[in-house]
Amino acid sequence: MRETTIRPFAAEDAAWLTTQHQALYTAAEGFDDSFGPLVSSIIAAFLADHDPQREAGWIAQEGDQRLGSIFCVSQSETRAKLRLFLLLPEARGTGLGQQMLETCLGFARDAGYADMQLWTHESHVAAGRLYAKNGFALTASKPVHSFGVDLVEQTWQIAF
């Protein structure tokens, strides 16, 4: 087995990341075609105007196979936002998600943020367990109709 690395996100990863998000969320959640363009717009905004001292993205990779992503972006002067946390099904349960989350949280702390927030869906039970294990608290939950399906949006937050 090859070594898994967590490396900085590069522009060349954008198409892969958008495609993976759309495919996985369509298969697992029944999302419609509006989700891929949202992911693409988040990535485009990051590439166009991120502050490398306060914002970063990472790709988990084994050999030449990408396995996942995670981003830390600025929501305000004091709050970071975790975005685009994705782990391919074959990499789940290996501890890689924990390593990626630790990378992102460490960056946010080092960048001087006071806290971090994220948005997800209630159906992502394993992710919720990972967030709770790492000190995040569920701060809001509401039913919505997004991406063509009924969902329960969740907001999680951690203070540093």
*asked:* For residues 82-91, which residue pairs pass the side chain to side chain donor-acceptor pair (under 3.5 Å) check, not counting sequence neighbours?
replied: Gln65-Glu90
*Donor-acceptor pair, Ser40 side chain versus Gly36 backbone, under 3.5 Å?*
no
*Mind checking the CZ-CD1 spacing from Phe71 to Ile59? Nearest 0.5 Å is all I need.*
6.0 Å
*asked:* To the nearest 0.5 Å, what is the distance between OG on Ser123 and CD on Glu153?
replied: 11.0 Å
_Aromatic ring proximity, centroids under 6.0 angstrom, Phe31 and His121_ = yes
_Side-chain donor-acceptor contact under 3.5 Å, Asn134 with Gln98_ = yes
_For Gln154 and His124, which I'm curious about, is there any donor-acceptor pair between the side chains at under 3.5 Å?_
no
*Kindly compute the distance separating OG (Ser74) from CD (Gln53), expressed to the nearest 0.5 Å.*
13.0 Å
*Does Cys72 reach the side chain of Arg54, with side-chain heavy atoms less than 4.5 Å apart?*
no
_I need the minimum non-hydrogen distance between Ile43 and Ala14, along with the two atoms involved._
CG2-CB, 3.6 Å
_Check: Thr4/Glu62 side-chain N/O donor and acceptor closer than 3.5 Å_ = yes
*Spell out, as yes or no, whether a donor-acceptor pair under 3.5 Å connects the side chain of Thr18 to the backbone of Ala15.*
no
*With sequence neighbours left out, what residues match Leu24 under side-chain contact (heavy atoms from CB on, under 4.5 Å)?*
Gln20, Leu86, Leu88, Pro89, Arg92
*Taking side chain as C-beta onward, heavy atoms only, is Thr155 less than 4.5 Å from Gln117?*
yes
*Can you name the closest pair of heavy atoms from Leu17 and Ser69 and give their distance?*
CD1-OG, 3.1 Å
*Grab the two heavy atoms, one from Glu29 and one from Leu151, that are nearest each other, plus how far apart they are.*
OE1-CD2, 4.1 Å
_Is there a path of hydrophobic side-chain contacts, each under 4.5 Å between heavy atoms, that joins Trp16 and Leu84?_
yes
*Does some side-chain heavy atom of Val144 sit less than 4.5 Å from a side-chain heavy atom of Lys142?*
yes
*Calculate, to the nearest 0.5 Å, the distance between atoms CG and OG belonging to Asp115 and Ser76 respectively.*
7.0 Å
*Please walk me through it: do His50 and Val73 pass side-chain contact (heavy atoms from CB on, under 4.5 Å)?*
CA-CA 8 Å; His50 80 279; Val73 298; over 6 Å; no
*Could you work out the complete set of other residues in the hydrophobic cluster of Tyr131, with links drawn between I, L, V, M, F, W and Y side chains under 4.5 Å apart?*
Ile6, Trp58, Leu67, Ile70, Leu82, Phe85, Leu87, Leu96, Met100, Leu101, Leu105, Phe107, Tyr113, Met116, Leu118, Leu130, Phe136, Leu138, Trp156, Ile158, Phe160
_Validation row: Arg7, Asp13 side chains within 4.5 angstrom (heavy atoms)_ = yes
*Verify whether the ring centers belonging to Tyr25 and Phe147 lie closer than 6.0 Å.*
no
*Any side-chain heavy-atom pair of Phe35 and Thr26 under 4.5 Å*: no
